[in-house]
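Some notes on the structure that comes next.
The analysis underlying the following values was restricted to heavy atoms, covering all of them including side chains, and did not include hydrogens, waters or symmetry mates.
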Amino acid sequence: MIDKEKFDDWYNEIVETAELCDKRYPIKGMNIWKPYGWKIMQNIDALIRYEMERTGHNEVYFPLLIPESYFKKEEEHIKGFSAEVYWVTHAGKNELEERLLLRPTSETALYSIFSLWIRSHADLPLKTFQIVNTFRYETKMTKAFIRVREIHFFEAHTCHADYEDAERQIKEDLEIAERFFKKLCLPFIVSKRPDWDKFAGAYYSIGIDVLMPSMKTLQVGSIHQYKQNFSKPFEIKYEGKDGKHYYCHQTTYGMSERVLGAIVGIHGDEKGIKLPSSIAPIKVVIIPIIFKGWEEKIMEECRKIKEEIEKLGLSCHIDDRDKTPGNKFYDWELKGVPLRVEIGPKDIENEVISIATRDGIKKKIPVNEIQKLKEELEEYDKRIYAEAEKFLKENIHVLKEVESREGILELPWCGKEECGIKMEEELDMKSLGTPLPEKECNEKCAICKEKATTWLRLAKTY
RNA sequence: GGGCCCGUGGGGUAGCUUGGUAUCCUUCCAGCUUGGGGUGCUGGUAACCCGAGUUCAAAUCUCGGCGGGCCCA
């Protein structure tokens, strides 16, 4: 893992040298996805779609533009987003009768229509999601994948008959997160955000955070319980079995390319990025070790091995560029390919292939045991997860008093806002909220010394 | 919201104080050579963010814009 001091420079450089994005597009916070980076992002999206599918969510795609009248329906929501909205005011030379905005998030677009879709209890629960671009005019510093103005956004929106069913949904969302982030080898913490920091319009918000090597946390997912805060202004009502009309209860679950930012940051080292095998566009790269007189023999063997690797369902690429092997090694390590296979004259003579995992384990495998590569990848994933988990655990500090430490702090808290704010100020950190699942506390509040009812997590954040 | 630094070939840079011929490394292209951790040689392509101002003359000085990085609230 990269040192804290070096991290910011390293990150800014690596996202471009690993060919994930190109930052030269002249609009702040709007970077170009390069083919390699975009492929990784699509693989991440595919994992999300898989989880949505198996939990009965349906994919939709709503328009990018939202009429001002829709956006204005929920007061808290407007307050939270109006400062960062992009407006469309003209079409050609004509001023529009009604201003349109680029979605900063899609609640107001979806919910206006949900009110038409939902008529009876039989329409519930309604479980939808979409993967779209959203736009937020960020005033703070932008950073590739971490703070951007055009966001590659996943948002699940659900409607339920009652609060209990919405709560069940949130439990399901947390299970989805568990499976999803495990595949990305990303350990995380879940916190219920304090009231003063919940999503605009939410009844409560849950944040999914990871710890970056810079010792700042990065929010990579959020889950919101809206209760009836949106269904009332948007009039999303259904007819119950008793013939009466009720407002729905709603939830959302959101994630973005920040997930990729987290993978880059947490699994990175001096050589480059390390991709979990679940999302690596190339899982195995073959480097031919060519010597004079061996050209054809080596290439033939490479092609044969490639075919066998692909039969295992592993994407495989032969790097036949006219460069020296060492040069290629550095290239693919930079780009995070999990497994490298070298094939040279000695390997052919001994009927083996030489392999090296991205985290530095080298061995020889007999050519008739190629299926072992699958196990090697599994072990590799486990190792990079374990390394990240160790880092996270080592940097969560459970304290009794306000004390300046790096990482994530947990302090006993009475639950009063003023005490929480005071902790933020004294530590120069932001509160992430209270641990989920809930954690018992028998201490005294670190500020007012009254009985603490829970713990407050604090950290420096992105 | 307030402040600081920066912008030179694809990437990284020198030059800017004291205005006048744009440096080096790398990448890229061609050829030969080499090939189990960044081979070597020869040749080639390629740049002063945009606009205005000062001046005989601006990469260099002034102002503005856009973009990038950082710090504080």
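Y462(A) carries K216(A) over the face of its six-membered ring, with the cationic atom under 6.0 Å from the centre and within 45° of the normal.
A centroid separation of 6.0 Å or more is found between the aromatic rings of W87(A) and Y137(A). Ring centers of Y226(A) and Y203(A): at least 6.0 Å apart, outside the cut-off. Proximity of the aromatic rings of Y253(A) and H224(A) is defined here by a centroid distance below 6.0 angstrom, and this criterion is not met.
Across all strands shown, D22(A) has no heavy atoms under 4.0 Å from either base or sugar-phosphate atoms. As judged by a 4.0 angstrom heavy-atom cut-off over every strand, K140(A) is placed among the base-contacting residues. Residue-level contact check: G29(A) touches the backbone only, with heavy atoms under 4.0 Å from sugar-phosphate atoms and none from bases.
A heavy atom lying under 4.0 Å from RNA chain B marks none of the residues of residues 422-432 of chain A. For RNA chain B, the neighbouring residues in residues 326-348 of chain A, judged by any heavy atom under 4.0 Å, are G326(A), N327(A), F329(A), Y330(A), E333(A), R340(A), E342(A), G344(A), P345(A), K346(A), D347(A).
Shown here are the side chain to side chain contact (heavy atoms under 4.5 Å, CB included) partners of Y330(A), two or more places apart in sequence or in another chain: E333(A). When the side chain to side chain contact (heavy atoms under 4.5 Å, CB included) test is applied to K232(A), the partners found at least two apart in sequence or on another chain are Q228(A), Y247(A). Residues that satisfy the side chain to side chain donor-acceptor pair (under 3.5 Å) test with E84(A), not counting sequence neighbours, are absent from this structure.
Using Watson-Crick or G-U wobble geometry with both donor-acceptor distances under 3.5 Å, G1(B) finds its partner in C72(B). Figure legend. G67(B) is base-paired to C6(B); pairs are counted as Watson-Crick or G-U wobble with both atom distances under 3.5 Å. In this structure, C16(B) forms no base pair with any nucleotide, since neither Watson-Crick nor G-U wobble geometry is met with both distances under 3.5 Å.
A donor-acceptor contact under 3.5 Å is formed by the side chain of S354(A) with the base of G36(B).
Residues S69(A) and E98(A) have side chains that bring a donor and an acceptor to within less than 3.5 angstrom of each other. Side-chain contact, T461(A) with Q219(A): no donor N or O sits under 3.5 Å from an acceptor N or O.
Closest to the T142(A) side chain, of the nucleotides G36(B), G37(B), G68(B), is G68(B). Closest to the side chain of K28(A), from the set G36(B), G68(B), U39(B), is G68(B).
By the 30° and 60° cut-offs, the orientation of the rings of F154(A) relative to F129(A) is tilted. The aromatic rings of Y11(A) and F7(A) sit tilted relative to each other, their planes meeting at an angle between 30° and 60°.
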Measure all distances between protein nitrogen or oxygen atoms and nitrogen or oxygen atoms of nucleotides 8-11 of chain B, and list the pairs falling under 3.5 Å.
| unit_1 | atom_1 | unit_2 | atom_2 | d |
| --- | --- | --- | --- | --- |
| G10(B) | O3' | R24(A) | NH1 | 2.7 |
| G10(B) | O2' | R24(A) | NH1 | 3.2 |

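With both ends at atom C1', the span from A52(B) to G12(B) equals 31 Å, rounded to whole Å. Comparing the P positions of G51(B) and U60(B) gives an interatomic distance of 13 Å, to the nearest angstrom.
At the phosphate of G68(B), neither OP1 nor OP2 sits under 4.0 Å from any side-chain N or O atom of K23(A).
Nucleotides of RNA chain B nearest to E295(A) and T324(A) differ in position, and the one nearer the 5' end is that of E295(A).
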